[in-house]
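Chain A is the first sequence line, chain B the second, and so forth, proteins listed ahead of strands; every chain is numbered from 1. Computed from a prediction, not measured in an experiment: that's the story for all the values here.
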Amino acid sequence: DTEVTQTPKHLVMGMTNKKSLKCEQHMGHRAMYWYKQKAKKPPELMFVYSYEKLSINESVPSRFSPECPNSSLLNLHLHALQPEDSALYLCASSQGILAGVTDTQYFGPGTRLTVL
Amino acid sequence: QKEVEQDPGPLSVPEGAIVSLNCTYSNSAFQYFMWYRQYSRKGPELLMYTYSSGNKEDGRFTAQVDKSSKYISLFIRDSQPSDSATYLCAMRRGAQKLVFGQGTRLTINP
């Protein structure tokens, strides 16, 4: 089973709202990722958690706040977003750095976010 | 120059044709190569991954890597309308980062 689940599938929020995106995997993976994808563009890395610790932040604005409560869960807290933040937000997971160069990322279906 | 170049297409072929999708890269440090398929408004689905130069086959799909030319390909045989999607090549840079191509939009016409 290589399934990564994400909720909600769709989210519409105003610029003053606070919302959260959730991601879950039960593959025993120890690395989890958040990506942002705009239409007709490849995914852009936002954050990486390795063994529940934030290891990479790709200079993402503070209005995006990631959280990794345990090895199976990953959240992305959203606050005071802008309309240009509307995109498909993808979660991915992989075995982690111990898998070495062949570490492979598996993606969830994404949350389509619209900011009004 | 982008690290990974991929023709965005769109590419349209008749059902049953052999499809060739390609990426070139400039960083010789890339060692691990993946192809993802992404249907409209869905997440990328891992199709194939390969570590070494040469060919790797899985059903109707063949992934080919030529490290000397810094060139990778994905071949789809007996293409089906259900293969219509965007195909993304991806390569490992560093411990946890992937570098993606722009994606090629493919349409298989019945």
Side-chain angles (χ1 to χ4, degrees), chain A residues 1-7 9-10 21 23 25 27 29-51 53-58 87-114, chain B residues 2-11 21 23 25 27-53 56 58 63 65 67 72 84-107:
Chain A
D1 183 12
T2 56
E3 188 177 27
V4 176
T5 59
Q6 291 187 244
T7 55
K9 290 183 180 178
H10 303 277
L21 309 184
C23 174
Q25 57 87 15
M27 296 178 277
H29 288 173
R30 302 310 301 270
M32 297 186 77
Y33 310 76
W34 280 116
Y35 286 85
K36 173 182 177 179
Q37 187 177 27
K38 301 284 268 185
K40 299 185 180 180
K41 297 291 186 183
E44 297 174 37
L45 183 64
M46 300 174 71
F47 303 103
V48 181
Y49 273 83
S50 180
Y51 292 82
K53 294 192 188 308
L54 183 66
S55 60
I56 296 176
N57 176 343
E58 291 286 270
L88 182 68
Y89 287 85
L90 295 161
C91 174
S93 72
S94 71
Q95 286 183 286
I97 59 175
L98 292 182
V101 71
T102 58
D103 192 31
T104 303
Q105 294 182 26
Y106 295 89
F107 285 83
T111 293
R112 186 157 299 281
L113 174 67
T114 302
Chain B
K2 293 179 182 175
E3 282 188 283
V4 179
E5 298 276 0
Q6 182 179 8
D7 186 342
L11 180 62
L21 304 168
C23 290
Y25 61 96
N27 189 345
S28 58
F30 288 143
Q31 293 181 300
Y32 190 56
F33 307 91
M34 289 144 279
W35 285 95
Y36 288 88
R37 177 175 63 193
Q38 187 171 22
Y39 292 112
S40 181
R41 307 174 82 83
K42 302 290 185 184
E45 170 194 8
L46 180 67
L47 268 182
M48 299 192 71
Y49 56 89
T50 183
Y51 177 62
S52 57
S53 283
K56 180 179 180 181
D58 183 3
V65 174
K67 289 186 179 180
I72 69 170
S84 298
T86 295
Y87 290 79
L88 293 153
C89 64
M91 307 179 191
R92 282 284 301 270
R93 169 158 54 87
Q96 293 170 310
K97 289 191 179 185
L98 293 182
V99 181
F100 287 93
Q102 285 296 105
T104 299
R105 286 190 293 136
L106 172 66
T107 301

Spatial distance of atom CG (B/Leu88) from atom CZ (A/Phe107) [nearest 0.5 Å]: 8.5 Å
Looking at A/Ser94, A/Ala39, A/Pro109, which makes the most heavy-atom pairs under 4.5 Å with chain B? A/Pro109
Under 4.5 Å to a heavy atom of chain A? For B/Gln38 that would be side chain
For B/Lys42, look at atom NZ and say whether over 12 heavy atoms of other residues, nucleotides or ligands are found less than 6.0 Å away. no
For B/Tyr36, is it the side chain, the backbone, both or neither that has a heavy atom under 4.5 Å from a heavy atom of chain A? side chain
Can you tell which of A/Lys41, A/Gln105, A/Gln6 has the highest number of heavy-atom pairs within less than 4.5 Å of chain B? A/Gln105
Structural part of A/Glu44 lying under 4.5 Å from a heavy atom of chain B: neither
May I ask you to name which of B/Lys97, B/Met34, B/Gln6, B/Arg105 has the most heavy-atom pairs under 4.5 Å with chain A? B/Lys97
Which heavy-atom pair separates A/Pro43 from B/Pro44 by the least distance, and what is that distance? CG-CG, 4.3 Å
More than 12 heavy atoms of other residues, nucleotides or ligands under 6.0 Å from CD of B/Glu45: yes or no? yes
For A/Asp103 and B/Arg92, what are the C-alpha separation, side-chain angles and deciding distance, and is it a side-chain contact (heavy atoms from CB on, under 4.5 Å)? CA-CA 9 Å; A/Asp103 192 31; B/Arg92 282 284 301 270; 3.2 Å; yes
